[in-house]
Amino acid sequence: MTLVVEPTMAPKRFRDVRVLHVVRNRLLTPNMRRITLSGDELDNYGDGPNIKLLVPPPGVTEPEWPLAGEGGRPIWPAPDKCPALRTYSLRRYDPVAREIDVDFVMHEHGVASRWAANAKPGDLLGVGLPAGLTVAPAKWYLLAGDHTALPAIARIMEGLPPNARGRAFIEVPCPADEQPIDCRADIELTWLHRNGTESGDSTLIQDAVLGMDWPSPEDGFVWIGCESATVRRLRAHARKQRGFGQRQVLAIGYWRRGMTEPAYAAAFRNDRDDEYFAMLDEHHGHRHHHDEHG
């Protein structure tokens, strides 16, 4: 009698998380750092506006990652090895070089920004598959966001066709935090400088958007990404006062004062409305999970 031993399949990672390593870490401006990640697991990765980052705890050199459990539920590592989950914009994806770029705003209280400040070549980071929504085809665009939305707005502007036109407002801490953006479209970009004002106390974005000359809403699209209160106020203005349809406005809260990202997402869904999730279902063919920024 011959005993046949079936091979044991290694458990799969939750939602096909990829494990990449740092290849470059450079300071773009005084308050933003770019991390370039690479690895064989970027094969068949895909592209999209947002990704989930699984940030290892400080001091953990051999991170552990969530596994796929029954019913699609995650099996998380022990607390001392468990990574923190954060959402970031995918700034660049190069399938040939097997590289992605992720830009991090530098601030002391952020789990991901602390990791980025100390990341060195070879350090590991878990990365989810790209997902989320971006701008729809239009002739005229309004793009408005704070420093956290700068990577998303920059990538949107770089991808617009030459015949597109519009306005863009980006709030940054100071003039030194402005970045060059290679945009072929006719987008008038205005940098808004806080100059010492705390980001949550600034009304620069709101004042700029409410005070601008708005065109008629036909063939237009509005994209807004910033603090929760400003997002809700400007989305209501675009729809109710300016006549833009629900599917002509993509407004997502990138953060909320006094709350961590997981708490904000759980309590307020990043201020995304039902129409956002309806569009997301259509875009991803009902295969996505409602936990991505737009």
Side-chain angles (χ1 to χ4, degrees), residues 48-50 87 89 131-161 163-172 181 183 185-194 199-257 264-265 267-283 290 292-294:
N50 310 307
T87 308
S89 296
L133 297 174
T134 187
V135 296
K139 294 181 179 179
W140 179 90
Y141 292 92
L142 168 62
L143 310 172
D146 62 16
H147 202 199
T148 62
L150 168 53
I153 294 176
R155 193 174 190 203
I156 290 170
M157 290 179 62
E158 290 170 355
L160 293 177
N163 62 342
R165 57 188 178 85
R167 298 289 304 273
F169 299 99
I170 305 177
E171 180 190 281
V172 292
I181 299 175
C183 179
D186 182 16
I187 302 294
E188 180 183 349
L189 171 59
T190 301
W191 294 95
L192 308 171
H193 307 129
R194 294 203 316 271
S199 55
D201 296 330
S202 171
T203 63
L204 290 171
I205 300 173
Q206 175 182 314
D207 295 343
V209 171
L210 297 182
M212 64 175 275
D213 292 327
W214 286 70
S216 62
E218 289 79 14
D219 299 318
F221 194 91
V222 176
W223 188 100
I224 301 167
C226 50
E227 201 276 333
S228 168
T230 303
V231 161
R232 288 184 278 112
R233 190 173 296 117
L234 295 182
R235 177 171 54 206
H237 180 79
R239 288 178 176 171
K240 296 178 180 178
Q241 275 71 49
R242 298 299 176 177
F244 282 76
Q246 288 187 319
R247 298 202 169 197
Q248 291 178 281
V249 180
L250 183 58
I252 307 101
Y254 269 51
W255 58 285
R256 185 180 175 94
R257 294 184 69 170
Y264 178 33
F268 298 100
R269 303 193 303 181
N270 294 89
D271 286 296
R272 296 165 294 179
D273 57 11
D274 291 338
E275 190 61 36
Y276 173 94
F277 291 111
M279 291 189 292
L280 195 64
D281 280 328
E282 295 172 8
H283 180 72
H290 291 170
E292 299 292 343
H293 288 181

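Note that the coordinates shown come from a computational prediction; the quantities given were computed from them, not determined experimentally.
For the pair Pro151/Arg155, no side-chain contact is recorded, criterion being any heavy-atom separation below 4.5 Å from C-beta on. Contact annotation: the side chain of Ile181 approaches that of Glu158 to within less than 4.5 Å [non-hydrogen atoms, C-beta and beyond]. For the pair Leu150 and Trp191, the minimum side-chain heavy-atom distance is below 4.5 Å. The closest side-chain heavy-atom distance from Leu142 to Met212 is below 4.5 Å. When side chains are defined from C-beta on, Asn270 does not count as touching Tyr254, because their heavy atoms never get closer than 4.5 Å. Looking only at side-chain heavy atoms (C-beta outward), Asp219 and Trp140 stay at 4.5 Å or farther from each other. Between Leu234 and Leu210 the shortest side-chain heavy-atom distance falls below 4.5 Å.
Distance CD1/Ile153 to SG/Cys226: 8.5 Å, rounded to 0.5 Å. One distance of note links CD1 of Ile187 with CD1 of Ile156; it measures 10.5 Å at 0.5 Å rounding. Leu133 CG to Arg247 CZ: the interatomic distance, rounded to the nearest 0.5 Å, is 9.5 Å. Between the CZ atom in Arg239 and the CD atom in Gln248 there is a gap of 10.0 Å [rounded to 0.5 Å].
Of all the heavy atoms in Ser202 and Leu204, the pair that sits closest is OG-N, 3.1 Å. Of all heavy-atom pairs between Val209 and Ala144, the closest is CG2-CB, 3.9 Å. When all heavy atoms of Met157 and Ala168 are compared, the closest pair comes out as SD-CB, 4.1 Å. The two residues Pro161 and Ala185 come nearest to each other via the heavy atoms O-CB, 3.2 Å. Residues Leu192 and Phe169 share a closest heavy-atom pair of CD1-CB, 4.0 Å. Trp223 approaches Ala149 most closely through the heavy-atom pair CH2-CB, 3.9 Å.
Partners of Glu171 under the salt bridge (Lys or Arg N to Asp or Glu O under 4.0 Å) rule, at least two apart in sequence or in another chain, are Arg194.
Tested against Ile170 for a side chain to side chain contact (heavy atoms under 4.5 Å, CB included), the candidates Leu143, Ile205, Asp146, Leu189 yield a single pass: Leu189.
Within the 3.5 Å criterion, the main-chain N or O of Ala251 finds a donor-acceptor partner in the side chain of Arg235.
The residues Asp201 and Arg257 are annotated as salt-bridged, a charged nitrogen and a carboxylate oxygen being separated by less than 4.0 angstrom.
In this structure, Tyr141 and Phe221 have tilted ring planes: the angle between them lies in the 30° to 60° band.
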